[in-house]
Participant: 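Quick one: this structure, given as structure tokens, is what I'll be asking you about.
Every chain is numbered from 1 and lettered A, B, ... according to where its sequence line falls, protein lines coming before strand lines. All of these numbers come straight from a predicted model, not from anything done at the bench.
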Amino acid sequence: MKLDVLYFAWVRERIGEPRETVDTDATTVADLVRELSAREDRYALAFSDLSALRVAVDQELTAFDAPLAGAREVAFFPPMTGG
Amino acid sequence: MKLDVLYFAWVRERIGEPRETVDTDATTVADLVRELSAREDRYALAFSDLSALRVAVDQELTAFDAPLAGAREVAFFPPMTGG
Amino acid sequence: MSVRIQQEPFDFGAECDRFAAGRSDTGAVVTFCGIVRDDGGLHAMEIEHYPGMTASAITAMVDTARTRWALTDALVIHRFGPLGPGERIMMVATAAPHRADAFAAAEYLMDYLKSRAPFWKKERTAEGAHWVAAKEADEDALSRW
Amino acid sequence: MSVRIQQEPFDFGAECDRFAAGRSDTGAVVTFCGIVRDDGGLHAMEIEHYPGMTASAITAMVDTARTRWALTDALVIHRFGPLGPGERIMMVATAAPHRADAFAAAEYLMDYLKSRAPFWKKERTAEGAHWVAAKEADEDALSRW
């Protein structure tokens, strides 16, 4: 399955790019995180503390155990600081 | 003692004038109310339910048992409805 | 800090803009505007006030708000006299480093203006004129402060 | 109801004026303006956002506010991109027949915008640039709703 994976704020800076397309069989967000973290240190570093991260699947906030079936876009970012 | 007595909103309408000067020996607001109520029906009517009235002495909200010693201005009015 | 009691209209947009201008010590501005609401059949409203007491009573409310919350500024404008449906009656604005203080102070000022500032509203409808009764909910709102 | 996400500045006064105009069904308008605060030494701020998600996330917040409070209108404007000290970041406006609803909805929208809309602030000072950390107090503020 091809997924667009997006990164924002310091997650983007640590990974070094704002988005990429990933070919993956991950069934949950957590699976995808493990897969990416195993790839290269910059991912492992960005994902080292999941409690400091938030995730959206298809532009809806969700949890790290959310399934990826049918998903097209996954975004990782720190807690929001708008307003 | 000479007191300026002011009336607002429906108290003013029932009494029929916005202000008057009263020569009185009343020692509290309640004394003054009794004295005015004894004078004429329009006062007795306006003051018939003190729970529906508020009073200010020298432009500060106070209670009906407040003393009048040194006071120059007493105002009677219904509960406020600003904002 | 500014308190204005006036018969003439005020320019809500211009007041908001001026109030929020040039404030690098302020992170949050809250404004409130009260409008003559037409529940159906309101022809006109008349606001009476107690000129000698109004400004000083409101200034005391603003002073209390300043002791309770970290405010960088506050503004109250309240009109009196005749007003038509849709007209702007009054406004409050508060500025603070943080939004919680600006919101709390604006709500505090509104609650006290409603029930403790010497204004009285008279409404004129097809059935005649009547003085607006104070609402128990407005009196109750004071208890939270 | 209107949600606008934009890089360019907005005119807070003109937005307030327009929002409060022509409303005889509305008794209360509350507005909030967020300003870049200079706590000393802030050179610039940069706001990043998630374009595909921002407007829909905020629209969902506004829709929820409309189910919880009797609103006649609501407006959210939020900027992204570079901002200097004193610049206006965002605004919220709510209109309702009664003030309690307008205040509650404005505070609700602010609390959710702070912690659930996909914006991230980066501050630049003489010491360098850093991402603003989310505050526990902002997360805690959501629990009251």
Side-chain angles (χ1 to χ4, degrees), chain C residues 10-42 45 72 84-100 102-104 106-111 113-114 121 135 137-138 140-141 144, chain D residues 10-42 45 72 84-100 102-104 106-111 113-114 121 135 137-138 140-141 144:
Chain C
F10 60 92
D11 184 334
F12 178 57
E15 297 293 345
C16 288
D17 190 58
R18 191 164 26 235
F19 189 80
R23 302 191 170 283
S24 60
D25 58 340
T26 291
V29 163
V30 170
T31 79
F32 177 93
C33 184
I35 299 170
V36 181
R37 190 160 41 90
D38 183 1
D39 275 334
L42 179 75
M45 173 174 281
T72 51
E87 274 197 75
R88 295 162 190 184
I89 306 173
M90 53 82 67
M91 71 170 286
V92 160
T94 55
H98 301 287
R99 75 185 188 287
F103 271 118
E107 292 196 64
Y108 171 90
L109 288 173
M110 283 307 306
D111 285 352
L113 282 163
K114 273 269 169 197
K121 287 182 183 139
K135 286 193 212 121
D138 285 330
D140 292 349
R144 61 175 164 156
Chain D
F10 60 91
D11 184 333
F12 178 58
E15 297 293 346
C16 289
D17 191 58
R18 189 161 35 232
F19 189 81
R23 301 192 169 283
S24 60
D25 59 340
T26 291
V29 164
V30 170
T31 79
F32 178 92
C33 183
I35 299 171
V36 181
R37 191 160 39 90
D38 184 0
D39 275 333
L42 180 74
M45 175 175 278
T72 51
E87 275 198 73
R88 296 163 189 184
I89 306 173
M90 54 83 65
M91 71 169 286
V92 160
T94 54
H98 300 286
R99 78 185 186 287
F103 270 118
E107 292 196 63
Y108 171 90
L109 288 172
M110 283 308 306
D111 284 352
L113 282 164
K114 272 272 169 195
K121 287 182 183 139
K135 286 193 212 118
D138 286 330
D140 293 349
R144 60 176 165 157

Participant: For Ala106(C), is it the side chain, the backbone, both, or neither that has a heavy atom closer than 4.5 Å to a heavy atom of chain D?
Facilitator: both
Participant: Relative to chain C, which of Met110(D), Lys114(D), Arg88(D) shows the most heavy atom pairs under 4.5 Å?
Facilitator: Arg88(D)
Participant: Below 4.5 Å, heavy-atom pairs only: which of Gly86(C), Gly34(C), Pro97(C) has the largest tally toward chain D?
Facilitator: Pro97(C)
Participant: Give the member of Asp38(C), Leu42(C), Thr26(C) that has the highest number of heavy-atom pairs under 4.5 Å with chain D.
Facilitator: Thr26(C)
Participant: Should the pair Phe32(C) and Phe103(D) be assigned to parallel (<30°), tilted (30 to 60°) or perpendicular (>60°) ring geometry?
Facilitator: parallel
Participant: Distance from Glu107(D) atom CD to Glu107(C) atom CD, nearest 0.5 Å?
Facilitator: 4.5 Å
Participant: Using a 4.5 Å cut-off on heavy atoms from C-beta on, say whether the side chain of Met91(C) contacts that of Thr31(D).
Facilitator: no
Participant: Do you know which of Cys16(D), Gly27(D), Ala21(D) has the most heavy-atom pairs with chain C at a distance under 4.5 angstrom?
Facilitator: Gly27(D)
Participant: Check each atom of Asp111(C) against the heavy atoms of chain D and say whether the ones under 4.5 Å are side chain, backbone, both or neither.
Facilitator: both
Participant: Just wondering, do His98(D) and Arg37(C) contact through their side chains at under 4.5 Å, heavy atoms?
Facilitator: yes
